[in-house]
Number of protein chains: 2
Amino acid sequence: MPTPAKTSTDEIVAAGRGLLEREGLDALTLKAVAEIVGVRAPSLYKRIGGRGDLVRRIVNVVSDELAAQLAAAPASADARDSLRGMVLAARAFALAHPHAYGLLFAPLPEDWGIDPDVNARISGIVIGAAGRVAGEDDALTAARLVVAWIHGFVTMELAGAFRLGGDVDGSFDYGIDALLRGIAQPG
Amino acid sequence: MPTPAKTSTDEIVAAGRGLLEREGLDALTLKAVAEIVGVRAPSLYKRIGGRGDLVRRIVNVVSDELAAQLAAAPASADARDSLRGMVLAARAFALAHPHAYGLLFAPLPEDWGIDPDVNARISGIVIGAAGRVAGEDDALTAARLVVAWIHGFVTMELAGAFRLGGDVDGSFDYGIDALLRGIAQPG
DNA sequence: ACCTGAACACCGTTCAAGT
DNA sequence: ACCTGAACACCGTTCAAGT
(Lines give C-alpha, C1' and ligand atoms only; values in the text may rest on other atoms or scores of the structure.)
Protein backbone atom coordinates (compact mmCIF):
# COMPACT_ATOMS: atom_id res chain seq x y z
CA MET A 1 0.00 0.00 0.00
CA PRO A 2 1.53 3.34 -1.05
CA THR A 3 2.24 5.91 1.59
CA PRO A 4 1.80 9.62 0.80
CA ALA A 5 5.15 11.38 0.35
CA LYS A 6 5.98 13.72 3.21
CA THR A 7 8.63 15.73 1.42
CA SER A 8 10.41 16.22 -1.90
CA THR A 9 13.93 16.47 -3.26
CA ASP A 10 13.57 20.21 -3.73
CA GLU A 11 12.46 20.68 -0.15
CA ILE A 12 15.37 18.61 1.10
CA VAL A 13 17.89 20.61 -0.93
CA ALA A 14 16.35 23.89 0.22
CA ALA A 15 16.46 22.79 3.85
CA GLY A 16 20.08 21.73 3.47
CA ARG A 17 21.01 24.99 1.87
CA GLY A 18 19.37 26.97 4.65
CA LEU A 19 21.24 24.99 7.25
CA LEU A 20 24.52 25.50 5.38
CA GLU A 21 24.04 29.24 5.00
CA ARG A 22 22.86 29.83 8.53
CA GLU A 23 25.16 27.54 10.51
CA GLY A 24 27.90 26.34 8.20
CA LEU A 25 28.90 23.04 6.66
CA ASP A 26 29.35 21.17 9.95
CA ALA A 27 25.73 21.85 10.84
CA LEU A 28 24.58 20.36 7.54
CA THR A 29 23.59 17.06 9.07
CA LEU A 30 21.18 14.54 7.61
CA LYS A 31 19.40 14.37 10.92
CA ALA A 32 18.94 18.16 10.99
CA VAL A 33 17.75 18.21 7.40
CA ALA A 34 15.34 15.37 8.08
CA GLU A 35 13.91 17.16 11.07
CA ILE A 36 13.24 20.30 9.01
CA VAL A 37 11.40 18.42 6.29
CA GLY A 38 9.48 16.33 8.82
CA VAL A 39 10.98 12.93 8.23
CA ARG A 40 13.57 10.58 9.74
CA ALA A 41 17.13 10.58 8.41
CA PRO A 42 17.01 7.19 6.66
CA SER A 43 14.05 8.34 4.57
CA LEU A 44 16.22 10.96 2.88
CA TYR A 45 17.95 8.15 1.00
CA LYS A 46 14.79 7.67 -1.03
CA ARG A 47 15.50 11.00 -2.76
CA ILE A 48 19.21 11.76 -2.39
CA GLY A 49 22.25 9.55 -2.65
CA GLY A 50 23.66 10.61 0.69
CA ARG A 51 25.24 13.61 2.33
CA GLY A 52 27.80 14.08 -0.44
CA ASP A 53 25.11 14.05 -3.07
CA LEU A 54 23.13 16.60 -1.08
CA VAL A 55 26.14 18.92 -0.92
CA ARG A 56 26.62 18.55 -4.66
CA ARG A 57 22.98 19.46 -5.31
CA ILE A 58 23.25 22.51 -3.07
CA VAL A 59 26.37 23.66 -4.90
CA ASN A 60 24.53 23.37 -8.18
CA VAL A 61 21.59 25.43 -6.93
CA VAL A 62 23.93 28.09 -5.58
CA SER A 63 25.93 28.16 -8.81
CA ASP A 64 22.74 28.56 -10.76
CA GLU A 65 21.73 31.49 -8.61
CA LEU A 66 25.14 33.08 -9.01
CA ALA A 67 24.82 32.71 -12.78
CA ALA A 68 21.48 34.52 -12.62
CA GLN A 69 23.02 37.35 -10.60
CA LEU A 70 25.85 37.72 -13.08
CA ALA A 71 23.43 37.74 -15.99
CA ALA A 72 21.37 40.38 -14.21
CA ALA A 73 24.31 42.68 -13.61
CA PRO A 74 23.71 46.02 -15.31
CA ALA A 75 25.20 46.15 -18.78
CA SER A 76 26.84 49.27 -20.11
CA ALA A 77 27.90 50.67 -23.44
CA ASP A 78 31.42 50.59 -22.04
CA ALA A 79 32.47 46.94 -22.03
CA ARG A 80 34.76 47.58 -19.10
CA ASP A 81 31.88 48.86 -16.99
CA SER A 82 29.89 45.75 -17.82
CA LEU A 83 32.72 43.52 -16.67
CA ARG A 84 33.14 45.67 -13.58
CA GLY A 85 29.45 45.27 -12.77
CA MET A 86 29.73 41.52 -13.09
CA VAL A 87 32.64 41.40 -10.67
CA LEU A 88 30.74 43.57 -8.20
CA ALA A 89 27.76 41.24 -8.44
CA ALA A 90 29.96 38.22 -7.77
CA ARG A 91 31.50 39.82 -4.70
CA ALA A 92 28.11 40.86 -3.37
CA PHE A 93 26.84 37.34 -3.83
CA ALA A 94 29.83 35.84 -2.03
CA LEU A 95 29.53 38.20 0.91
CA ALA A 96 25.80 37.56 1.16
CA HIS A 97 26.22 33.78 1.12
CA PRO A 98 29.66 33.10 2.58
CA HIS A 99 29.21 29.44 3.52
CA ALA A 100 27.54 28.54 0.25
CA TYR A 101 30.05 30.47 -1.83
CA GLY A 102 32.90 28.80 -0.01
CA LEU A 103 31.86 25.48 -1.53
CA LEU A 104 31.91 26.70 -5.12
CA PHE A 105 35.43 25.68 -6.00
CA ALA A 106 35.96 23.31 -3.13
CA PRO A 107 37.34 20.00 -4.35
CA LEU A 108 34.24 17.84 -4.23
CA PRO A 109 34.91 14.13 -3.84
CA GLU A 110 35.47 12.18 -7.04
CA ASP A 111 33.75 13.36 -10.16
CA TRP A 112 30.76 14.71 -8.23
CA GLY A 113 31.53 17.99 -9.85
CA ILE A 114 29.26 20.85 -10.75
CA ASP A 115 26.63 20.24 -13.36
CA PRO A 116 28.39 20.93 -16.70
CA ASP A 117 25.39 22.93 -17.90
CA VAL A 118 25.59 25.32 -14.97
CA ASN A 119 29.33 25.62 -15.39
CA ALA A 120 28.92 26.38 -19.09
CA ARG A 121 26.33 29.01 -18.37
CA ILE A 122 28.51 30.92 -15.91
CA SER A 123 31.50 30.56 -18.18
CA GLY A 124 29.57 31.86 -21.17
CA ILE A 125 28.45 34.98 -19.36
CA VAL A 126 31.91 35.91 -18.12
CA ILE A 127 33.67 34.96 -21.34
CA GLY A 128 31.30 37.18 -23.29
CA ALA A 129 31.96 40.18 -21.08
CA ALA A 130 35.71 39.55 -20.96
CA GLY A 131 35.91 39.12 -24.71
CA ARG A 132 34.37 42.52 -25.29
CA VAL A 133 37.22 44.05 -23.28
CA ALA A 134 40.17 41.87 -24.22
CA GLY A 135 39.16 40.91 -27.73
CA GLU A 136 37.57 37.68 -28.87
CA ASP A 137 40.89 35.87 -29.27
CA ASP A 138 41.70 36.37 -25.61
CA ALA A 139 38.15 35.97 -24.30
CA LEU A 140 38.61 32.63 -22.54
CA THR A 141 41.97 33.38 -21.04
CA ALA A 142 40.95 36.89 -19.96
CA ALA A 143 37.81 35.46 -18.33
CA ARG A 144 39.97 33.03 -16.41
CA LEU A 145 42.09 35.91 -15.17
CA VAL A 146 39.10 37.86 -13.94
CA VAL A 147 37.35 34.87 -12.37
CA ALA A 148 40.52 33.67 -10.65
CA TRP A 149 41.11 37.11 -9.21
CA ILE A 150 37.58 37.72 -7.95
CA HIS A 151 37.39 34.25 -6.50
CA GLY A 152 40.72 34.56 -4.75
CA PHE A 153 39.85 38.01 -3.49
CA VAL A 154 36.54 37.13 -1.88
CA THR A 155 37.91 33.83 -0.56
CA MET A 156 40.66 35.70 1.23
CA GLU A 157 38.21 38.35 2.35
CA LEU A 158 35.86 35.72 3.80
CA ALA A 159 38.77 33.93 5.47
CA GLY A 160 39.77 37.19 7.14
CA ALA A 161 43.12 37.13 5.36
CA PHE A 162 43.32 40.89 4.83
CA ARG A 163 44.65 41.68 8.26
CA LEU A 164 47.21 44.33 7.41
CA GLY A 165 44.70 47.11 7.55
CA GLY A 166 44.41 49.41 4.63
CA ASP A 167 41.15 49.78 2.80
CA VAL A 168 39.86 46.43 1.55
CA ASP A 169 37.33 48.16 -0.69
CA GLY A 170 40.17 50.28 -1.97
CA SER A 171 42.20 47.18 -2.76
CA PHE A 172 39.19 45.80 -4.58
CA ASP A 173 38.82 48.91 -6.72
CA TYR A 174 42.55 48.99 -7.41
CA GLY A 175 42.38 45.35 -8.44
CA ILE A 176 39.58 45.64 -10.92
CA ASP A 177 41.12 48.78 -12.44
CA ALA A 178 44.51 47.11 -12.81
CA LEU A 179 42.89 44.04 -14.37
CA LEU A 180 40.99 46.13 -16.88
CA ARG A 181 44.18 47.96 -17.78
CA GLY A 182 45.99 44.67 -18.12
CA ILE A 183 43.54 42.92 -20.40
CA ALA A 184 42.47 45.93 -22.46
CA GLN A 185 42.86 45.21 -26.13
CA PRO A 186 46.13 46.66 -27.33
CA GLY A 187 45.57 49.32 -29.91
CA MET B 1 55.84 7.25 38.51
CA PRO B 2 56.67 9.01 35.25
CA THR B 3 56.28 7.13 32.03
CA PRO B 4 58.68 7.77 29.14
CA ALA B 5 57.07 9.80 26.35
CA LYS B 6 56.38 7.75 23.25
CA THR B 7 55.95 10.66 20.87
CA SER B 8 56.11 14.45 20.55
CA THR B 9 54.02 17.31 19.26
CA ASP B 10 56.26 17.69 16.22
CA GLU B 11 55.93 14.03 15.37
CA ILE B 12 52.16 14.23 15.69
CA VAL B 13 51.95 17.27 13.43
CA ALA B 14 54.24 15.64 10.88
CA ALA B 15 52.18 12.45 10.90
CA GLY B 16 49.00 14.46 10.47
CA ARG B 17 50.45 16.42 7.61
CA GLY B 18 51.55 13.26 5.84
CA LEU B 19 48.09 11.79 6.19
CA LEU B 20 46.52 14.99 4.87
CA GLU B 21 48.82 15.23 1.87
CA ARG B 22 48.60 11.57 0.94
CA GLU B 23 44.93 10.85 1.54
CA GLY B 24 43.13 14.13 2.07
CA LEU B 25 41.40 15.85 4.96
CA ASP B 26 38.85 13.11 5.61
CA ALA B 27 41.66 10.63 6.24
CA LEU B 28 43.19 12.95 8.84
CA THR B 29 41.78 11.01 11.76
CA LEU B 30 43.07 11.07 15.31
CA LYS B 31 43.05 7.31 15.35
CA ALA B 32 45.18 7.16 12.18
CA VAL B 33 47.60 9.77 13.52
CA ALA B 34 47.86 7.94 16.81
CA GLU B 35 48.63 4.69 15.06
CA ILE B 36 51.46 6.31 13.08
CA VAL B 37 53.10 7.76 16.16
CA GLY B 38 52.60 4.57 18.14
CA VAL B 39 50.07 5.67 20.68
CA ARG B 40 46.31 5.47 21.33
CA ALA B 41 44.07 8.31 20.21
CA PRO B 42 43.26 9.69 23.69
CA SER B 43 46.95 10.18 24.39
CA LEU B 44 47.16 12.78 21.65
CA TYR B 45 45.24 15.16 23.89
CA LYS B 46 48.30 15.44 26.10
CA ARG B 47 50.00 17.42 23.31
CA ILE B 48 47.31 18.87 21.05
CA GLY B 49 43.98 20.44 21.84
CA GLY B 50 42.02 18.21 19.51
CA ARG B 51 41.56 17.61 15.82
CA GLY B 52 40.89 21.28 15.05
CA ASP B 53 44.04 22.33 16.83
CA LEU B 54 46.00 19.72 14.88
CA VAL B 55 44.68 21.08 11.58
CA ARG B 56 45.63 24.60 12.64
CA ARG B 57 49.16 23.48 13.48
CA ILE B 58 49.50 21.74 10.13
CA VAL B 59 48.32 24.86 8.30
CA ASN B 60 50.96 26.87 10.12
CA VAL B 61 53.73 24.46 9.17
CA VAL B 62 52.62 24.47 5.56
CA SER B 63 52.37 28.25 5.49
CA ASP B 64 55.84 28.49 6.89
CA GLU B 65 57.16 26.22 4.18
CA LEU B 66 55.38 28.23 1.49
CA ALA B 67 56.98 31.38 2.89
CA ALA B 68 60.38 29.73 2.59
CA GLN B 69 59.70 28.77 -1.02
CA LEU B 70 58.65 32.31 -1.87
CA ALA B 71 61.72 33.72 -0.20
CA ALA B 72 63.88 31.27 -2.13
CA ALA B 73 62.40 32.20 -5.51
CA PRO B 74 65.15 33.52 -7.79
CA ALA B 75 65.44 37.29 -7.65
CA SER B 76 66.14 39.34 -10.72
CA ALA B 77 67.31 42.79 -11.58
CA ASP B 78 63.94 43.22 -13.27
CA ALA B 79 61.39 43.58 -10.46
CA ARG B 80 58.73 42.11 -12.70
CA ASP B 81 60.74 38.93 -13.16
CA SER B 82 61.18 38.64 -9.42
CA LEU B 83 57.44 38.88 -8.87
CA ARG B 84 56.88 36.42 -11.69
CA GLY B 85 59.26 33.95 -10.05
CA MET B 86 57.40 34.25 -6.80
CA VAL B 87 54.10 33.48 -8.45
CA LEU B 88 55.61 30.48 -10.22
CA ALA B 89 56.94 29.22 -6.89
CA ALA B 90 53.52 29.58 -5.28
CA ARG B 91 51.85 27.64 -8.08
CA ALA B 92 54.46 24.91 -7.96
CA PHE B 93 53.98 24.59 -4.21
CA ALA B 94 50.20 24.38 -4.55
CA LEU B 95 50.37 21.71 -7.25
CA ALA B 96 52.90 19.72 -5.24
CA HIS B 97 50.80 19.83 -2.05
CA PRO B 98 47.19 20.14 -3.20
CA HIS B 99 45.46 18.99 -0.03
CA ALA B 100 47.64 21.04 2.25
CA TYR B 101 47.43 24.13 0.05
CA GLY B 102 43.66 23.81 -0.07
CA LEU B 103 43.53 24.56 3.64
CA LEU B 104 45.52 27.77 3.44
CA PHE B 105 42.62 30.19 3.13
CA ALA B 106 39.95 27.83 4.32
CA PRO B 107 37.80 29.45 6.98
CA LEU B 108 39.14 27.79 10.09
CA PRO B 109 36.70 27.62 12.98
CA GLU B 110 36.65 30.60 15.31
CA ASP B 111 39.81 32.58 15.72
CA TRP B 112 42.02 29.53 15.24
CA GLY B 113 43.61 31.45 12.43
CA ILE B 114 47.09 31.28 11.04
CA ASP B 115 49.92 32.34 13.29
CA PRO B 116 50.20 36.13 12.79
CA ASP B 117 53.98 35.85 12.54
CA VAL B 118 53.78 33.44 9.63
CA ASN B 119 51.16 35.57 7.96
CA ALA B 120 53.31 38.67 8.37
CA ARG B 121 56.32 36.91 6.92
CA ILE B 122 54.52 35.83 3.75
CA SER B 123 52.91 39.23 3.41
CA GLY B 124 56.23 40.99 3.79
CA ILE B 125 57.86 38.97 1.04
CA VAL B 126 55.09 39.54 -1.49
CA ILE B 127 54.56 43.18 -0.57
CA GLY B 128 58.24 43.85 -1.09
CA ALA B 129 58.25 42.31 -4.54
CA ALA B 130 54.97 43.95 -5.53
CA GLY B 131 56.11 47.34 -4.31
CA ARG B 132 59.15 47.22 -6.53
CA VAL B 133 56.83 46.84 -9.52
CA ALA B 134 53.86 48.98 -8.57
CA GLY B 135 55.62 51.59 -6.46
CA GLU B 136 55.78 51.74 -2.69
CA ASP B 137 52.50 53.60 -2.34
CA ASP B 138 50.63 50.77 -4.00
CA ALA B 139 52.70 47.93 -2.54
CA LEU B 140 50.06 46.48 -0.21
CA THR B 141 47.18 46.76 -2.59
CA ALA B 142 49.19 45.45 -5.54
CA ALA B 143 50.32 42.50 -3.44
CA ARG B 144 46.70 41.72 -2.62
CA LEU B 145 45.90 41.73 -6.32
CA VAL B 146 48.69 39.29 -7.14
CA VAL B 147 48.02 37.00 -4.19
CA ALA B 148 44.26 36.94 -4.82
CA TRP B 149 44.84 36.05 -8.46
CA ILE B 150 47.39 33.30 -7.88
CA HIS B 151 45.32 31.82 -5.08
CA GLY B 152 42.15 31.86 -7.14
CA PHE B 153 43.95 30.44 -10.15
CA VAL B 154 45.49 27.44 -8.43
CA THR B 155 42.34 26.83 -6.40
CA MET B 156 40.34 26.59 -9.60
CA GLU B 157 43.05 24.54 -11.21
CA LEU B 158 43.07 22.09 -8.31
CA ALA B 159 39.28 21.91 -8.32
CA GLY B 160 39.37 21.02 -12.00
CA ALA B 161 37.43 24.16 -12.87
CA PHE B 162 39.24 24.86 -16.13
CA ARG B 163 37.21 22.48 -18.21
CA LEU B 164 36.79 24.50 -21.35
CA GLY B 165 40.00 23.28 -22.82
CA GLY B 166 42.49 25.79 -24.04
CA ASP B 167 45.95 25.88 -22.59
CA VAL B 168 45.89 26.27 -18.80
CA ASP B 169 49.59 27.10 -18.76
CA GLY B 170 48.88 29.64 -21.46
CA SER B 171 46.13 31.20 -19.35
CA PHE B 172 48.57 31.34 -16.47
CA ASP B 173 51.19 33.16 -18.55
CA TYR B 174 48.58 35.51 -19.95
CA GLY B 175 47.41 36.23 -16.43
CA ILE B 176 50.73 37.11 -14.93
CA ASP B 177 51.61 39.28 -17.95
CA ALA B 178 48.33 41.15 -17.74
CA LEU B 179 48.78 41.67 -14.01
CA LEU B 180 52.27 43.04 -14.45
CA ARG B 181 51.00 45.41 -17.14
CA GLY B 182 48.14 46.44 -14.89
CA ILE B 183 50.17 47.25 -11.80
CA ALA B 184 53.25 48.66 -13.51
CA GLN B 185 54.06 52.04 -12.13
CA PRO B 186 52.63 54.69 -14.43
CA GLY B 187 55.37 56.83 -15.91
C1' DA C 1 53.89 12.39 33.96
C1' DC C 2 52.22 9.80 30.43
C1' DC C 3 49.36 6.11 28.60
C1' DT C 4 45.26 3.19 28.28
C1' DG C 5 40.51 1.04 27.98
C1' DA C 6 35.99 2.13 28.52
C1' DA C 7 32.40 5.04 27.81
C1' DC C 8 29.66 8.86 25.65
C1' DA C 9 27.49 11.57 22.14
C1' DC C 10 27.24 12.01 17.53
C1' DC C 11 27.90 10.98 12.74
C1' DG C 12 26.44 8.50 7.82
C1' DT C 13 24.47 4.54 6.08
C1' DT C 14 21.98 -0.03 5.52
C1' DC C 15 18.07 -2.87 5.94
C1' DA C 16 14.27 -5.61 7.48
C1' DA C 17 9.79 -4.61 8.95
C1' DG C 18 5.68 -1.93 8.87
C1' DT C 19 1.66 0.64 6.35
C1' DA D 1 5.81 3.30 -2.61
C1' DC D 2 7.32 5.50 1.26
C1' DC D 3 8.56 5.62 6.11
C1' DT D 4 10.56 3.84 10.40
C1' DG D 5 13.40 1.77 14.27
C1' DA D 6 17.22 -0.82 14.98
C1' DA D 7 21.70 -1.77 14.02
C1' DC D 8 26.53 -1.03 12.31
C1' DA D 9 30.92 1.16 11.70
C1' DC D 10 33.17 5.10 12.59
C1' DC D 11 34.07 9.60 14.45
C1' DG D 12 35.98 13.14 18.43
C1' DT D 13 36.36 13.61 23.16
C1' DT D 14 36.38 12.74 28.33
C1' DC D 15 37.94 10.43 32.29
C1' DA D 16 39.03 7.20 35.84
C1' DA D 17 42.43 3.80 36.38
C1' DG D 18 46.95 2.04 35.68
C1' DT D 19 52.33 2.45 35.68
Side-chain angles (χ1 to χ4, degrees), chain A residues 1-60 99 102-103 106-112, chain B residues 1-60 99 102-103 106-112:
Chain A
M1 294 302 144
T3 292
K6 290 185 170 180
T7 183
S8 67
T9 304
D10 283 352
E11 194 188 11
I12 290 169
V13 173
R17 181 188 177 176
L19 230 26
L20 169 69
E21 299 207 345
R22 271 179 280 118
E23 305 178 49
L25 188 58
D26 288 347
L28 179 51
T29 276
L30 293 191
K31 192 188 175 193
V33 171
E35 195 162 351
I36 293 176
V37 304
V39 104
R40 303 288 179 169
S43 299
L44 298 176
Y45 286 80
K46 281 279 154 178
R47 320 199 190 271
I48 61 172
R51 196 182 109 111
D53 180 50
L54 176 57
V55 171
R56 199 198 89 247
R57 288 171 187 268
I58 294 172
V59 170
N60 274 326
H99 289 117
L103 256 46
L108 290 185
E110 310 297 323
D111 43 20
W112 292 34
Chain B
M1 295 304 141
T3 291
K6 290 185 170 179
T7 184
S8 66
T9 304
D10 284 351
E11 193 188 12
I12 290 169
V13 173
R17 182 189 177 175
L19 230 26
L20 169 70
E21 298 206 346
R22 272 179 281 119
E23 306 178 48
L25 187 58
D26 288 348
L28 178 51
T29 277
L30 292 190
K31 192 187 175 194
V33 170
E35 196 162 348
I36 293 176
V37 303
V39 105
R40 304 288 178 168
S43 299
L44 298 176
Y45 287 79
K46 281 278 155 179
R47 322 201 188 270
I48 61 172
R51 196 183 108 111
D53 179 48
L54 176 57
V55 171
R56 199 198 89 248
R57 288 171 186 269
I58 294 172
V59 170
N60 274 326
H99 289 116
L103 256 46
L108 290 185
E110 309 297 322
D111 43 19
W112 292 35

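Below, read A as the first sequence line, B as the second, and so on, with proteins coming before strands; counting in each chain starts at 1. Quick caveat, the model's predicted, so the values are computed rather than measured.
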Checklist entry - Atom CD in Glu35(B), atom CG in Leu19(B): separation rounded to 0.5 Å? => result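 These two atoms lie 10.0 Å from each other.
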
Checklist entry - What is the distance from atom CD of Glu23(B) to atom CG of Leu28(B), rounded to the nearest 0.5 Å? => result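 Here the interatomic distance stands at 10.0 Å.
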
Checklist entry - What nucleotide among dT4(D), dA6(C), dG12(C) has an atom nearest to a side-chain atom of Pro42(A)? => result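 My answer, after comparing the listed nucleotides, is dT4(D).
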
Next on the checklist: Of the options dT4(C), dT14(D), dC3(D), whose atoms approach the side-chain atoms of Tyr45(B) most closely?
Outcome noted: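 Of the options given, the side chain of Tyr45(B) lies nearest dT14(D).
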
Item to check | Watson-Crick or G-U wobble partner of dC11(D), both distances under 3.5 Å | outcome: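 With both distances under 3.5 Å required, dC11(D) matches none.
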
Item to check | Nucleotide paired to dC2(C) in any strand shown, Watson-Crick or G-U, under 3.5 Å | outcome: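 Partner of dC2(C): dG18(D).
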
Checklist entry - Are side-chain heavy atoms of Ile58(B) and Leu103(B) found at a separation under 4.5 Å? => result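 Not in contact.
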
Next on the checklist: Can you list, in residue-number order, the parts of residues 18-25 of chain A that come under 4.0 Å of DNA chain D, counting heavy atoms only?
Outcome noted: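 Output list: empty, so none.
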
Between [X] ([atom1]) and [N] ([atom2]), how many Å, whole number?
X: Glu35(B); N: dG12(D); atom1: CD; atom2: P; value: 13 Å
X: Lys31(B); N: dG5(C); atom1: NZ; atom2: C1'; value: 13 Å
X: Leu30(A); N: dC10(D); atom1: CG; atom2: P; value: 18 Å
X: Leu44(A); N: dC2(D); atom1: CG; atom2: P; value: 14 Å
X: Asp53(B); N: dT14(D); atom1: CG; atom2: P; value: 12 Å
X: Lys46(A); N: dA16(C); atom1: NZ; atom2: P; value: 13 Å
X: Arg51(A); N: dC10(C); atom1: CZ; atom2: C1'; value: 13 Å
X: Asp26(A); N: dG12(C); atom1: CG; atom2: P; value: 10 Å

May I ask you to evaluate whether [X] reaches the phosphate of [N], defined as a side-chain N or O under 4.0 Å from OP1 or OP2?
X: Ser43(A); N: dT4(D); result: yes
X: Lys6(A); N: dT4(D); result: yes
X: Arg40(B); N: dG5(C); result: yes

What is the minimum heavy-atom distance between [X] and [Y], and which atoms define it?
X: Val13(B); Y: Leu54(B); value: CA-CD1, 4.0 Å
X: Leu25(A); Y: Val55(A); value: CD1-CG2, 4.5 Å
X: Arg47(A); Y: Arg57(A); value: O-NH2, 3.8 Å

Checklist entry - Which comes earlier along DNA chain C counting from the 5' end, the contact point of Ala41(B) or that of Ala41(A), where each point is its nearest nucleotide? => result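 The 5'-side residue here is Ala41(B).
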
Next on the checklist: Quick check against the 3.5 Å criterion: does Thr29(B) have a side-chain atom that pairs as donor or acceptor with the backbone of Ala32(B)?
Outcome noted: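 A pair under 3.5 Å: no.
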
